[in-house]
Amino acid sequence: GQNIDQPTEMTATEGAIVQINCTYQTSGFNGLFWYQQHAGEAPTFLSYNVLDGLEEKGRFSSFLSRSKGYSYLLLKELQMKDSASYLCAVSDSGAGSYQLTFGKGTKLSVIP
Amino acid sequence: DTEVTQTPKHLVMGMTNKKSLKCEQHMGHRAMYWYKQKAKKPPELMFVYSYEKLSINESVPSRFSPECPNSSLLNLHLHALQPEDSALYLCASSQDTSSSYEQYFGPGTRLTVT
């Protein structure tokens, strides 16, 4: 089975930096995805890490440590539109094909 | 075109009704997925189709019946649902299931069972 843990809610100020952590325990690990989901909308892809280290994409960066079962999503220069849920999802091949298991999501509120 | 479309956007049905949800993608993806998402919860995987064959059924009740008529289309047939089945139903697609490919999600169908 899998266990994915991330904080339920976070609040940050516009223009600031926020880090959303995700820890996981899984067998057959094949990468970790971060998705953004605005209320009532579909999840949209933000980043993918399969090797240790930092992946940077504009204002968003994602880090992975496989030995620690740990990832974080870093959002810089926060904007009001970044208020959303951020889902950590682990890819594994335990069932013979690759599939995603999502964490419960972190609801980020950006305040002026 | 990186779009996954779903119809209808909203659906209200009684417990004795039969209805279908539809999903379409034209990205040439060979894997398609159905997820169920309750409010303030993460998406839960229901079914996976790989090359038009059902590869994963996550112990979903038989009142949900998936169908993949061709590589671009995915349906979810609903019959005799319960009020607790009310949720957002998300369709997604990816290149295939042989590796960790990004999944593209459709906008979802908001289902209410009365």
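Basis for what follows: all heavy atoms, side chains included, without hydrogens, waters or symmetry-related copies. Chain letters run A, B, ... following the sequence lines, proteins first, then strands; residues in each count from 1.
- Using a 4.5 Å cut-off between heavy atoms, B/Tyr101 contacts chain A through its backbone alone, with no side-chain atom that close.
- Proximity of B/Pro43 to A/Leu87: side-chain heavy atoms (C-beta onward) are separated by under 4.5 Å at one or more points.
- Remark: side-chain polar atoms of A/Tyr35 are paired, donor with acceptor, to backbone N or O of B/Gln103 under 3.5 angstrom.
- Closest non-hydrogen pair, A/Phe33 versus B/Ser100, comes out as CZ-O, 3.8 Å.
- A pairwise comparison of heavy atoms in B/Phe105 and A/Pro43 identifies CB-O, 3.5 Å as the closest pair.
- Note that OG1 of A/Thr8 is 11.0 Å distant from NZ of B/Lys40, once rounded to the nearest 0.5 Å.
- The candidate from B/Arg110, B/Glu44, B/Lys41, B/Gln37 with the greatest count of non-hydrogen atom pairs under 4.5 Å with chain A is B/Gln37.
- In this structure, A/Glu77 places its CD atom where only 12 or fewer heavy-atom neighbours from other residues, nucleotides or ligands lie under 6.0 Å away.
- Atom OG of B/Ser50 and atom CD of A/Gln99 lie 12.0 Å apart (nearest 0.5 Å).
- Few gaps surround NZ on A/Lys57; more than 12 heavy atoms of other groups in view lie less than 6.0 Å from it.
- Heavy-atom pairs under 4.5 Å with chain B were tallied for A/Gly103, A/Ser85, A/Gly31; the largest tally goes to A/Gly103.
- Considering OG1 of A/Thr101 and CG of B/Leu45, their distance stands at 7.5 Å, rounded to 0.5 Å.
- When the candidates B/Leu88, B/Asp96, B/Val48, B/Leu90 are compared by the number of heavy-atom contacts under 4.5 Å with chain A, B/Leu90 comes out ahead.
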